[in-house]
Amino acid sequence: MSEMTQLPDLMPVLPELFLAAGALVLLMIGAFGGQRISFLVNGMSMGLIAATALFVLPFGAEMGETFDGAFVLDQFAYFMKQLVLIGSFFAIAMSWAYAKSQNFDKFEYPVLIVLATLGMMLMLSANDMIALYLGLELQSLSLYVVAAINRDSVRSTEAGLKYFVLGALSSGMLLYGMSLTYGFTGQISFEGISSVLAQEGASLGLVIGLVFILAGLAFKISAVPFHMWTPDVYEGAPTPVTAFFAAAPKVAAMGMTVRIVIDGFQPVTSDWQQVLVFVAIASMALGAFAAIGQTNIKRLMAYSSIGHMGYALVGLAAGTQTGVEGVVFYMAAYLAMTLGVFACILSMRRAEGMVEDTSELAGLSRTNLPMAILLAVLLWSLAGIPPFIGFFGKWFVFSAAVEAGLYPLAIIGVLMSVVGAYYYLRIIKIMFFDEPAEPFEPMPMELRVVLGLSGAFVILFAFMPGPIVQAANAAAGSLF
């Protein structure tokens, strides 16, 4: 009599099962209810994500592995999943006013956000290459559709098409790298790959596979030289979609990159470290210099995000627990700052519609002083000016690089921060010293809440750093 197959322990994957079931229910509600209940689906999607973040993940899921080790829930996955859920929740919340004014009330939008969030959570817990690819493609396919969801807009359709074509290319590169890695190690799990590399070292074929994997991952985090989609997609996609792209998917992709190189390729740190150092320097430089001439604020934020991914990679390039702690903390700070800035961008609306040129912020301090002050604080933080949280994020990643002996990388990072500060300070100058432009319409309540929470987090972190720093330390420690 054959032994009965043991069912996997589903407790670690309970949040993902909860989200998947909720997404299917919401899809049925939207399909049968039509567009007239799109706001109900919006609200229920926010409730689903909030329930996952507040109850299912903290109290319902257990730390551990399941599916023969293909799925792992540890402190790192837990912390990064919380960031992803926060980013997705506020991305849906910030779309309410836009949906009312721009004919954007489609029930598919929040459902696709939930499905993309599900893919991101699977990415963060993936412990082998197949599980990682499944999560990555679930996220990517949802994002392709979301980018082009405004079918009446040529810009939105073009953005979705560019993202799809380049995303398919990056997925092919990633798969090719994974196939080479499997071919030269005979393993698909990160632990198996790591053990083989520890015993046998890296052959030329495996190094080539590693380079292809890093190239595919660089596309997902908008790192140079695979950043080419970012400015066009950020500008062309509807603004709430751009806000989502700039927040949660970046956190998930960076977390996925950290898990692959630390869990899977830690024994050959010197090989992937060289690639990450080059990518970090190129991303910081392009983000600093290319944004200087931008007048469209969404394109400016695209180049800003490229630069910030470069700063985060500085910590990862160190290859140490301190470096990973810096990356985790930096992504938490980046998420808060980005959500606040996009709350302001979504508030750049007049009776004739949305405006995106930075000159439209002229004299904002005399037409909407609270918004001008909070936006200035967020821009100072993005520039890395103390005492705001952005300064501490850069301090952590640069300190990790110095500890690892990567002095040129840290010096270049500081210099690029100085260059990048120019375009942030230029916007502050426009808001406080230029003649006022026509005032914007009153900021919707949900955007006020997001901006207020973001501003409070950025300002108050210096007075209460303990909880976030300790959580980042625990998250990084679980990988070592």
Side-chain angles (χ1 to χ4, degrees), residues 246-247 250 280-281 283-294 297 300-315 325-345 358 361 364-365 368-402 409-434 450-466 468-469 472:
K250 293 292 178 65
I281 292 174
S283 299
M284 291 187 294
L286 183 100
F289 287 103
I292 290 176
Q294 301 299 323
I297 195 165
L300 188 148
M301 288 303 297
Y303 286 109
S304 170
S305 74
I306 293 169
H308 283 286
M309 293 305 102
Y311 296 126
L313 288 174
V314 169
E325 180 182 348
V327 175
V328 172
F329 178 85
Y330 198 95
M331 295 314 296
Y334 171 79
L335 178 70
M337 296 183 293
T338 300
L339 288 173
V341 171
F342 272 96
C344 294
I345 294 174
T358 54
L361 291 166
L364 185 64
S365 60
N368 191 340
L369 183 59
M371 177 178 166
I373 291 174
L374 286 174
L375 180 55
V377 166
L378 293 169
L379 293 173
W380 271 322
S381 184
L382 285 168
I385 297 174
F388 305 114
I389 193 171
F391 166 77
F392 293 99
K394 290 183 178 177
W395 173 271
F396 286 143
V397 294
F398 292 157
S399 297
V402 170
L409 179 60
I411 293 171
I412 292 172
V414 172
L415 293 176
M416 292 304 102
S417 294
V418 174
V419 175
Y422 168 78
Y423 54 83
Y424 297 122
L425 297 177
R426 183 169 63 88
I427 296 177
I428 296 174
K429 173 259 179 187
I430 290 172
M431 291 192 297
F432 284 88
F433 298 103
D434 286 10
V450 174
L451 180 57
L453 290 174
S454 176
F457 183 76
V458 167
I459 295 170
L460 298 178
F461 169 79
F463 303 99
M464 296 181 294
I468 301 296
V469 174

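Excluded from the calculations below are hydrogen atoms, water molecules and symmetry mates; all remaining heavy atoms, backbone and side chain alike, are included. As the structure is a computational prediction, the values presented were derived from the model and not from experiment.
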S.K.: On a heavy-atom basis, which atom in V397 and which in V327 lie closest, and how many Å separate them?
M.R.: CG1-N, 4.1 Å
S.K.: Keeping the roles fixed (side chain from Y303, backbone from Q294), state whether a donor-acceptor pair exists under 3.5 Å.
M.R.: no
S.K.: Is there side-chain contact between L300 and I427, with at least one heavy-atom pair below 4.5 Å?
M.R.: yes
S.K.: Say you draw a straight line from NE2 of H308 to CG of L313; how long is it, rounded to the nearest 0.5 Å?
M.R.: 13.0 Å
S.K.: Is there a side-chain contact between M337 and S381 (heavy atoms, below 4.5 Å)?
M.R.: yes
S.K.: Hey, does W380 have a side-chain heavy atom less than 4.5 Å from the side chain of L425?
M.R.: yes
S.K.: Distance from I373 atom CD1 to L364 atom CG, nearest 0.5 Å?
M.R.: 10.0 Å
S.K.: My understanding is that only one of F329, F461, Y330 makes a ring pair (Phe, Tyr, Trp, His ring centres under 6.0 Å) with F392; could you say which?
M.R.: F461
S.K.: Does S454 reach the main-chain N or O of V450 with its side chain, forming a donor-acceptor pair under 3.5 Å?
M.R.: no
S.K.: Mind checking whether V314 and M284 have side chains closer than 4.5 Å, heavy atoms only?
M.R.: yes
S.K.: Using every non-hydrogen atom in the two residues, find where F396 and G326 come nearest and quote the distance to one decimal.
M.R.: CB-CA, 3.9 Å
S.K.: Taking all non-hydrogen atoms of both residues, which atom of A376 and which atom of F432 are closest, and how far apart?
M.R.: CB-CE1, 3.9 Å
S.K.: Should E325 and V469 count as side-chain neighbours, where that means a heavy-atom distance under 4.5 Å?
M.R.: yes
S.K.: Has S283 got a side-chain atom pairing as donor or acceptor with A280's backbone, closer than 3.5 angstrom?
M.R.: no
S.K.: Please examine the side chains of R426 and M431, heavy atoms only from C-beta on, and report whether any two atoms are closer than 4.5 Å.
M.R.: no
S.K.: Side-chain contact, heavy-atom cut-off 4.5 Å: Y422 with I292?
M.R.: yes
S.K.: Can you check whether S417's main-chain N or O pairs, donor with acceptor, with Y311's side chain at less than 3.5 Å?
M.R.: yes
S.K.: K429 and D434: which non-hydrogen atoms are nearest, and at how many Å?
M.R.: NZ-OD1, 3.1 Å
S.K.: Determine, stepwise, if the pair Y423 / S304 fulfils side-chain hydrogen bond (donor to acceptor under 3.5 Å, both in side chains).
M.R.: CA-CA 9 Å; Y423 54 83; S304 170; 4.6 Å; no
S.K.: Out of L379, L375, L361, which one pairs with C344 under the side chain to side chain contact (heavy atoms under 4.5 Å, CB included) rule?
M.R.: L375
S.K.: Can you confirm whether F289 is buried at CZ, in the sense that more than 12 heavy atoms of other residues, nucleotides or ligands lie under 6.0 Å from that atom?
M.R.: no
